[in-house]
Amino acid sequence: MFWRERERDTSDGEQNGGPPCGQVRVLVVGDAGVGKTSLVHLILKGTSIARPSQTVGCSVGVKHISYGSASSSSNSIKGDAQRDFFVELWDVSGHERYKDCRFLFYTQIDGVIFVHDLSQRRTKTNLHKWAAEITENGTFSTPLGSGGPGGLPVPYIVIGNKTDIVAKVGTRVMSSGNLVDVARQWVEKQGLLPSSEQLPLTDSFPGSSDLLAAAKEARYDKEAVIKFFRLLIRRIYISDELPDPSPWSISPLLQNPIYHTGENLSDDDHYHRRLSSTSEGYKYDVLPLLPSHRSLAPAPALYPQQPTSMPENYSFQRLSASGLPRISSTKLNKADTNI
Ligand SMILES: Nc1nc2c(ncn2[C@@H]2O[C@H](COP(=O)(O)OP(=O)(O)OP(=O)(O)O)[C@@H](O)[C@H]2O)c(=O)[nH]1
């Protein structure tokens, strides 16, 4: 289904300026049961998931995002209009049994979403451990000059979940109904973020209710999450000239959103496929970065194979932890983007 959508979109995209352009890899981590899978499902599908099964190893979903102007203009990437990007959401199992092997999934990371359960304080404090573990074992496609929590060298956001449970037990969750603010305040208190840090989620996340209810009502802050994804796309593919006063600050993106009202963001253009740490190969129903990269600066083709047509199912073998297929972080020059 995804591919039919993608094929259609891609042909449109080619008319408008080009095929898929790049990929961004985001880890979603946190303790077991905090709601990572539920969150990813919500981001990808826009709906709740009734009974998520425990993640085995890692589950990868892909969110398709168009970036640029729907109509070719001086505000778009030079020479074309919209570009398609794939944001990979790597939902890593929080269960202890995978502790020794989950480093396999910490490769070529572009960003991290930390998730904790607001009703379980320990899941908050454990974010430190997650950050340290990723920093220690991970590889990063475009590391920042200075590290964040635990030395983590990529942008991240923190999401608190299960407000409904907290509300039930009468715990005061937040004054403004803003989960992200609460998470942020806590993280700042713990020293995870510099006080000047601006998390991308400025609006209420699921507000005073839980993710599932938010999904039912399509009420979660999709825009804020998309802004985070756009930040990652931007820093990897678009601009290498933007000042980075605080590597953790993404406020410029928030203040000057680079997307346009006519942009095409479709919740349906995605897929969600379970991966297992025990399987030998990974089925990966998404096209790796393909011909679009031709329009970028020359980059080594890191995929073992680059099909010229878009297959229903494209699969590749994972070679090793360090040999994961990953497009290189070729950037467009800011001078070419005029954004
Ligand atoms: N009450 C409530 N339950 C939630 C919420 N989000 C998720 N859950 C439930 O929490 C349980 C765990 O959710 P998952 O999404 O599987 O958690 P996870 O972090 O992916 O867990 P692992 O795969 O073990 O790492 C499930 O029963 C969900 O239905 C929420 O906002 N409120």
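First listed ligand is number 1; within each ligand, the first listed atom is number 1.
- A heavy-atom distance below 4.5 Å is found between the side chains of W90 and E88.
- At least one N or O atom of V34 sits closer than 3.5 Å to an N or O atom of ligand 1.
- Side-chain contact of S66 with D84: a donor-acceptor pair under 3.5 Å is present, judged by distance alone.
- A salt bridge between K99 and E133 is present, with a side-chain N of the basic residue lying under 4.0 Å from a carboxylate O of the acidic one.
- Residues D31 and R122 are in side-chain contact: their nearest non-hydrogen atoms beyond the backbone lie under 4.5 Å apart.
- Between G33 and ligand 1, at least one N/O pair is under 3.5 Å apart.
- The shortest N or O to N or O distance between G30 and ligand 1 is not below 3.5 Å.
- Near D31, with a cut-off below 4.0 Å to any heavy atom, the atoms of ligand 1 are 19 (O).
- Contact annotation: the side chain of V56 approaches that of Y98 to within less than 4.5 Å [non-hydrogen atoms, C-beta and beyond].
- Residue H95 has no N or O atom closer than 3.5 Å to an N or O atom of ligand 1.
- Looking at heavy atoms from C-beta onward, K124 lies out of side-chain contact with V158 at the 4.5 angstrom threshold.
- Contact atoms of ligand 1 toward K36: 15 (O), 17 (O), 18 (P), 19 (O), 20 (O), 21 (O), 22 (P), 25 (O) (distance under 4.0 Å to a heavy atom of the residue).
- Ligand 1 has a nitrogen or oxygen under 3.5 angstrom from a nitrogen or oxygen of T55.
- Every atom of ligand 1 with a heavy atom of G94 under 4.0 Å away is listed here by number and element: 25 (O).
- One option in V115, N161, V40, T37 has a heavy atom closer to atom 20 (O) of ligand 1 than any other, and that option is T37.
- At least one N/O-N/O distance between S38 and ligand 1 falls below 3.5 Å.
- When the options I113, V60, L39, T55 are evaluated for a side chain to side chain contact (heavy atoms under 4.5 Å, CB included) with D91, the one that passes is T55.
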